[in-house]
Protein chains: 2
Amino acid sequence: MTDEAQSAGSREKILEVAEALFARRGFAGVGLREVAETAGLGKSSLFHHFRSKVQLYFDVLGRALGRIEARLLPTLAGGGEPMARLDRAVDTMIDSLAEQPATARLLLRSIFEDDDFAPDPIPEAEPAERALEAMIAGLEALLRDGVTCGAFRPVSARHMVQTLIGATVYHFASGDFGEQLVGGSLFSADEVRRRKDEVKSLLHHGLAATAPVPTGG
Amino acid sequence: MTDEAQSAGSREKILEVAEALFARRGFAGVGLREVAETAGLGKSSLFHHFRSKVQLYFDVLGRALGRIEARLLPTLAGGGEPMARLDRAVDTMIDSLAEQPATARLLLRSIFEDDDFAPDPIPEAEPAERALEAMIAGLEALLRDGVTCGAFRPVSARHMVQTLIGATVYHFASGDFGEQLVGGSLFSADEVRRRKDEVKSLLHHGLAATAPVPTGG
DNA sequence: TTGCCGACCGACCGCTCGGTCGGGTATAAA
DNA sequence: TTTATACCCGACCGAGCGGTCGGTCGGCAA
């Protein structure tokens, strides 16, 4: 019996299984019957907890973004040299994405699927959007600070944010392809540590203002 | 009248519109009725040119990958110093993705949606998979060569390939989100050149073996 | 005991999905 | 003229979609 799970936290259970399913197959690829069945409920019961499929999707998305935001913003707000702060931010981002294997793919898909809903503003999406914007703004500010105070090379903060997202979110969203590429689970403790080291060392060498420039072409 | 387009290249027309639609909304999010209508045909006519929706999808995917492969493999096969070869590879990848705005998103989505079809081997996917593997193998070999000959830091070639994909494919797949972040079209000539410069300078500083290591933690 | 309420359900609705089928039309070889 | 072929179409199918509806059940307060 799973009585306690059913009576106490049906809403949480739905969010959990929906997160995994939306991450794996996307908004259009998941049916509410499957969500309900996986959660151990009838389909009608979903509508008792969520107004619509769109509402469920954005609640799932906002919940995932909120989890990361709650860890990343304090990290960004902490003091220290820009490079040390960036290191901590990378560690936090990668930890957050690695601990919940569905999250990275859900987030990356959401970047695409937002265009889908594009015609209307979609009020349900606002909490998720605000969390995302806060994190992006924090990362951008950190990079800009590092450049203006001379700790970083004069890179474009915006482009570097894109590169950071690619190096973290994309990596942990790459699924079977990524696992075939690196030759093992992306989410094992070893591989997660390895990813952190690779990203941070690339930033140490590639972003710091100290090194001379050996441009040949 | 669009007679010439209909009689001559209906198959090409279908592939074109399907590529744009699959890129924008994914496999599950696109209906064959919409593909047919956009192509100016009846839905039944699609089945004259393609055996099934899956076949159409993988033909679209293989065509896109083939376009890039045809440009990237010669680039990788050319001679020169590892860093110069890598520069050319980045230029080619970014040019290929920038010239066809739908391609990056199609490819990134395909990494996710492959898991969808996972249960069976899916014979239709083989041409696309072989093109992808050839490009990955080429990039990996280039990076490994650079490390063993001392031109690059001792990075993980596999992880660096992931980072390269993130810096190129993800960037040009990021759609509205990316445009809001960089503050303009990702595909304008200026922004494309900017992206190339940012990526290559990050690699020049971050991958070259010359600079000393200021590791603090 | 009565009445209410949150949680849940099966049956159903209108609609769209991928795919099939039989047939129509134009060109060109025989 | 007949036959073959390439191309295209409207009508249709079973299945599944998101969402609604009426109703059941157990707990809880008066």
Side-chain angles (χ1 to χ4, degrees), chain A residues 1-19 21-22 24-61 109 113 116-120 122-125, chain B residues 1-19 21-22 24-61 109 113 116-120 122-125:
Chain A
M1 287 287 197
T2 56
D3 277 329
E4 72 276 24
Q6 279 181 3
S7 63
S10 281
R11 194 190 143 93
E12 278 306 305
K13 178 79 174 176
I14 294 169
L15 287 168
E16 256 174 53
V17 307
E19 176 165 353
L21 288 170
F22 281 140
R24 202 176 312 154
R25 291 205 287 281
F27 180 82
V30 174
L32 294 186
R33 278 162 183 87
E34 187 180 9
V35 174
E37 197 169 326
T38 310
L41 295 172
K43 181 171 71 76
S44 312
S45 302
L46 298 190
F47 291 90
H48 179 72
H49 296 281
F50 304 94
R51 229 178 304 140
S52 66
K53 186 188 184 185
V54 170
Q55 181 74 59
L56 169 61
Y57 173 74
F58 282 109
D59 281 1
V60 165
L61 189 59
R109 288 195 110 117
E113 321 214 66
D116 236 22
F117 307 128
D120 321 305
I122 307 247
E124 295 95 325
Chain B
M1 286 289 197
T2 55
D3 277 332
E4 70 277 24
Q6 280 181 0
S7 62
S10 281
R11 192 191 145 93
E12 278 306 305
K13 177 82 176 173
I14 294 169
L15 286 168
E16 257 175 52
V17 305
E19 177 165 353
L21 288 171
F22 281 140
R24 201 176 312 152
R25 288 205 288 281
F27 180 83
V30 174
L32 294 185
R33 282 164 181 84
E34 187 180 8
V35 174
E37 197 170 326
T38 310
L41 294 172
K43 183 171 68 76
S44 311
S45 302
L46 298 189
F47 291 90
H48 177 72
H49 298 281
F50 304 94
R51 233 178 301 137
S52 66
K53 187 189 184 185
V54 170
Q55 181 74 59
L56 169 60
Y57 173 74
F58 283 108
D59 281 2
V60 165
L61 189 59
R109 287 196 111 116
E113 320 214 69
D116 237 23
F117 308 127
D120 322 304
I122 308 241
E124 296 95 326

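Because the structure is predicted, anything quoted here is derived from the model rather than measured. In what follows, every chain begins at residue 1, and chains take the letters A, B, ... in the order their sequences are listed.
- A/R11 places its CZ atom 14 Å from the C1' atom of C/dG6, with the value rounded to the nearest Å.
- Side-chain N/O atoms of A/H48 include none lying less than 4.0 angstrom from OP1 or OP2 on C/dC8.
- A donor and an acceptor atom never sit less than 3.5 Å apart when one is taken from the side chain of B/K43 and the other from the base of D/dG10.
- Rounded to whole Å, atom P of D/dG23 lies 20 Å from atom CZ of A/F47.
- To the nearest angstrom, P of C/dC8 lies 10 Å from CG of A/L46.
- We find that CD of A/E37 is positioned 13 Å from C1' of D/dG16, with the value rounded to whole Å.
- Phosphate proximity of D/dC8 to B/H49: present, with a side-chain N or O under 4.0 Å from OP1 or OP2.
- Between B/F47 and B/L32 there is a side-chain heavy-atom pair separated by less than 4.5 Å.
- Taking only side-chain atoms of B/L41, from C-beta outward, the nucleotide of D/dC8, C/dG18, D/dG19 with the closest atom is D/dC8.
- Spacing between atom CZ of B/R25 and atom P of C/dC17 amounts to 10 Å, rounded to whole angstrom units.
- Counting only heavy atoms from C-beta outward, the side chains of B/F50 and B/L15 approach each other to under 4.5 Å.
- In this structure, the CG atom of B/L32 is 19 Å from the P atom of D/dA15, given to the nearest Å.
- Taking atom CD on B/E34 and atom P on C/dT16, their separation rounds to 12 Å, with Å as the unit.
- Within the structure, every side-chain polar atom (N or O) of A/S45 is placed at least 4.0 Å from both OP1 and OP2 of C/dA7.
- Using a 4.0 Å cut-off, some side-chain N or O of A/S10 falls inside it from OP1 or OP2 of C/dC8.
- Between the P atom of D/dC7 and the CZ atom of B/F50 lies a distance of 12 Å, rounded to the nearest Å.
- Using a 4.0 Å heavy-atom criterion, one finds that A/V30 contacts the sugar-phosphate atoms exclusively.
- Side-chain contact check for A/R109 versus A/F27: every heavy-atom pair is 4.5 Å or farther apart.
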**Message:** Evaluate B/V30 against B/Y57 for side-chain contact (heavy atoms from CB on, under 4.5 Å), listing each step before the verdict.
**Reply:** CA-CA 10 Å; B/V30 174; B/Y57 173 74; over 6 Å; no
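- Nearest-nucleotide assignment on DNA chain C puts the 5′-proximal partner with A/G42, out of A/G42 and A/R33.
- Scanning all heavy atoms of the two residues, the minimum distance from B/S10 to B/H49 falls at CB-NE2, 3.9 Å.
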